[in-house]
*Asks:* 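The structure under discussion is supplied below as structure tokens; questions concerning it will follow.
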2 protein chains.
Amino acid sequence: MSTATVSRALSQPQRVSENTRARVSKAVDVTGYTMNQAARSLRQRVARTVLVALPDIRNPFFSSILDAVEREAARRGYGILVANLYFGHETVWRLQDLLLSNRADGLLLLDGSVNPNHLRLLTDGPVSIPVVLACEEVPHLNYHKVLTDNAVSAERATRHLIDLGHLDIGHIMGPEHNSAAQDRLTGFTRALSAAHLPVNPNWLFRGNFEMESGFAAAARFMALEHRPTAIFAANDESAIGLLSGLRQHGLACPQDISVVGFDDLEVAPHYWPPLTTIRQPRETLGRMAAETLIDLIEGEHRATTPLRIVLSSELIVRGSTARLSSALSSAVQSAI
Amino acid sequence: MSTATVSRALSQPQRVSENTRARVSKAVDVTGYTMNQAARSLRQRVARTVLVALPDIRNPFFSSILDAVEREAARRGYGILVANLYFGHETVWRLQDLLLSNRADGLLLLDGSVNPNHLRLLTDGPVSIPVVLACEEVPHLNYHKVLTDNAVSAERATRHLIDLGHLDIGHIMGPEHNSAAQDRLTGFTRALSAAHLPVNPNWLFRGNFEMESGFAAAARFMALEHRPTAIFAANDESAIGLLSGLRQHGLACPQDISVVGFDDLEVAPHYWPPLTTIRQPRETLGRMAAETLIDLIEGEHRATTPLRIVLSSELIVRGSTARLSSALSSAVQSAI
DNA sequence: CGACGGCATGTAATCGATTGCATTACCAGC
DNA sequence: GCTGGTAATGCAATCGATTACATGCCGTCG
């Protein structure tokens, strides 16, 4: 039997006779044969691997998306190669190398902080590499995207604070060049405007999505002469850092201050106080992003206009937010 | 110029003349050439990729190790392929496939729950695959290992509780077939024995390293007639779940109960109360594991007896443990 | 009966980089 | 000027699976 027949028996069983198929699969069992992937990749010019680039793999938010991506990829016979970009501080060159050298067939980018021009080299170069953006957008790039509606969700979270009677509301922002952070800020200001509340620039704290930045914001918060009674944090980690910092300064949540987070980390319901937050459909997001990318690699959406899949998220009300007690409302105080 | 010369210019620059080297690197710049990794892998029979198999990538403990591994691997020109084993529930077959099909050159196994016999097929088969175990041991396997001393650390953590005057100490265990969990249990009982304290089987709560299992343990804890005054949890996640559950039942930490965790997750210092815990050198562990594996792949430690690198960890005392107030000591109570 | 279509299989080229061996070029020493 | 040695380069085989094309076989239909 020729190698060609064996190859066909394994990859296109319907192309060979019943008999041959049986003989081949028996031989495979006996010898423990496994196909050499390098040879196949070389010939087919395809790696059956996707490159996942994320801002910070240690962050459980991203790693649980990665988990979903891995599962979906495995289901479709793909492996995943992981690259950590450290919030865009790592360059895209390394990615380019991995992609052009035929180690990966496409890029799933979870980091909105990368340089759009560098990224464009990947898709607009001599060979156009399939790219899907997930979680975060990269400005001015018209790629396939799978996102949650950050602005709407942020607006929702902020309105929740307003509904509880809060009039003085601050925000812990994410990293400056991060689209998700920008969208959440947009939603935040939109909610305030809709309620005819001013946006006080002193109450916008720059953060970077990490716990320490929330913790640091607490010190700046305490230094304020006039403090907000509620804070919308751009993610759960900053919310937790903030709460930890405020507690050190003797402020109690939710009695003295209400805090809303974003992401619904695993720890959110078990934190004290349990965190009111926005739950993103992480599993779905990862799965759909992987699906979209693999479809793209296999030539599905090539011709169509870029997809933009927006998933909706959910406000989970827990213990870190409470109705404003009138004694604390500075607005009320000043009205008296 | 022949392709052979170009190949040599790129991979063994000292083998070609100054002049050729310059011409090649110029041409590379101009054309944006990147080597086809599949072709190289095929010829050299090497993938320059390591497979990292871990129990749960969503767990920040593992993902931060993964981060360190990725960094070290990248430094040495290797990519990483990630496989999630879900605490050994996924079989080793998929790994075997990846390894034998030349997609990865070696296995870094962070999961001690896999079936040792299946694993042995990888190393004792016709082709022996380099394997390094990290974090967790697999029983009866004499491979290279990079570990923290779980037993000693657990003993240390437990002794801390004893030193605070606690006499009734419980333990939230990890998954049954997990070596790290077993070692931590061993350390726990060793510390009790050394202090001539009995190990009360009612105070050993089976967990699985996840938050929910700690939370569930809280209910069983509350149902006890005679309750311990301190708990050593096999990891921070179970500690946090436990604390969350106990709080729901009205118990305050550390006034009513002291809790020690293990791992020093990022959230540990920001939890309430801040968690007393064991800090493992995660970065170092990941880096050394990757180093060892890549050395092994490149033929370094092949002949030598398996390395066993044990890293020491550190007790971090924070707010979740306190001296036993005599009013609460059941031992004291019964003595009255 | 002969032609033709469809199926199963074999033959050989192909993917792109590496590498053993052969060849050429160049230099030093006699 | 010739020889021996070394350095630089070229030639061609090689890795293992895939696949275009060719071949052979069988059954059907005009």
*Asks:* If I take atom CZ in residue B:Arg103 and atom P in nucleotide D:dA17, what distance separates them, rounded to the nearest angstrom?
*Replies:* 14 Å

*Asks:* Mind checking side-chain hydrogen bond (donor to acceptor under 3.5 Å, both in side chains) for B:Asp67 and listing every partner two or more places apart, or none if nothing turns up?
*Replies:* A:Asn84, A:Tyr86, B:Arg71

*Asks:* Does any N or O in the side chain of B:His118 come within less than 3.5 Å of the main-chain N or O of B:Val92, such that one atom is a donor and the other an acceptor?
*Replies:* no

*Asks:* Going by heavy atoms in the side chains, are A:Leu311 and A:Arg282 under 4.5 Å from each other?
*Replies:* no

*Asks:* Locate the shortest heavy-atom distance separating A:Thr5 from A:Val16; write the atom from each residue and the value.
*Replies:* O-CG1, 4.1 Å

*Asks:* What pairs meet the salt bridge (charged side-chain N to carboxylate O under 4.0 Å, His left out) rule with one or both residues in residues 121-148 of chain B, with sequence neighbours excluded?
*Replies:* B:Glu137-B:Lys145, B:Glu137-B:Arg308

*Asks:* Please evaluate residues A:Glu70 and B:Arg94 with respect to the criterion salt bridge (Lys or Arg N to Asp or Glu O under 4.0 Å), reporting the C-alpha separation (whole Å), side-chain torsions for both, the decisive distance (0.1 Å), and the verdict.
*Replies:* CA-CA 13 Å; A:Glu70 202 255 348; B:Arg94 201 156 57 89; 3.7 Å; yes

*Asks:* Backbone N or O of A:Glu176 within a donor-acceptor pair of the A:Gln182 side chain at under 3.5 Å?
*Replies:* yes

*Asks:* For nucleotides 13-15 of chain D, give me every protein contact, N/O to N/O, under 3.5 Å, one pair per line with atom names.
*Replies:*
| unit_1 | atom_1 | unit_2 | atom_2 | d |
| --- | --- | --- | --- | --- |
| D:dT14 | O2 | B:Arg43 | NH1 | 2.9 |
| D:dC15 | O3' | B:Arg45 | NH1 | 2.5 |

*Asks:* Do the charged groups of B:Glu291 and B:Arg76 touch, with an N to O distance under 4.0 Å?
*Replies:* no

*Asks:* Which of these, B:Asp149, B:Thr148, B:Leu147, sits in a side chain to side chain contact (heavy atoms under 4.5 Å, CB included) with B:Gln280?
*Replies:* B:Thr148

*Asks:* A:Leu108 and side chain to side chain contact (heavy atoms under 4.5 Å, CB included): which single residue from A:Ile65, A:Leu293, A:Thr292, A:Ile294 fits?
*Replies:* A:Leu293

*Asks:* Both distances under 3.5 Å, Watson-Crick or G-U wobble: on that basis, could you give the dot-bracket string for DNA chain C, with [ ] for crossing pairs and | for other-strand partners?
*Replies:* ||||||||||||||||||||||||||||||

*Asks:* When rounded to the nearest 0.5 angstrom, what is the spacing between OG1 in A:Thr3 and CZ in A:Arg8?
*Replies:* 9.0 Å

*Asks:* Would you sort out whether B:Phe61 and B:Cys135 count as a side chain to side chain contact (heavy atoms under 4.5 Å, CB included), showing the intermediate values?
*Replies:* CA-CA 10 Å; B:Phe61 174 72; B:Cys135 298; 4.2 Å; yes

*Asks:* Looking at B:Asp105 and B:Pro130, what are the two nearest heavy atoms and their distance?
*Replies:* O-CD, 3.3 Å

*Asks:* When you measure from every atom of DNA chain C, which of residues 14-29 of chain A have a heavy atom less than 4.0 Å away?
*Replies:* A:Arg15, A:Val16, A:Ser17, A:Thr20

*Asks:* For DNA chain C, what residues of residues 1-11 of chain A have any heavy atom nearer than 4.0 Å?
*Replies:* A:Met1, A:Ser2, A:Ala4, A:Thr5, A:Arg8

*Asks:* Please report the distance, rounded to the nearest Å, between CG in A:Asn102 and C1' in C:dG16.
*Replies:* 10 Å

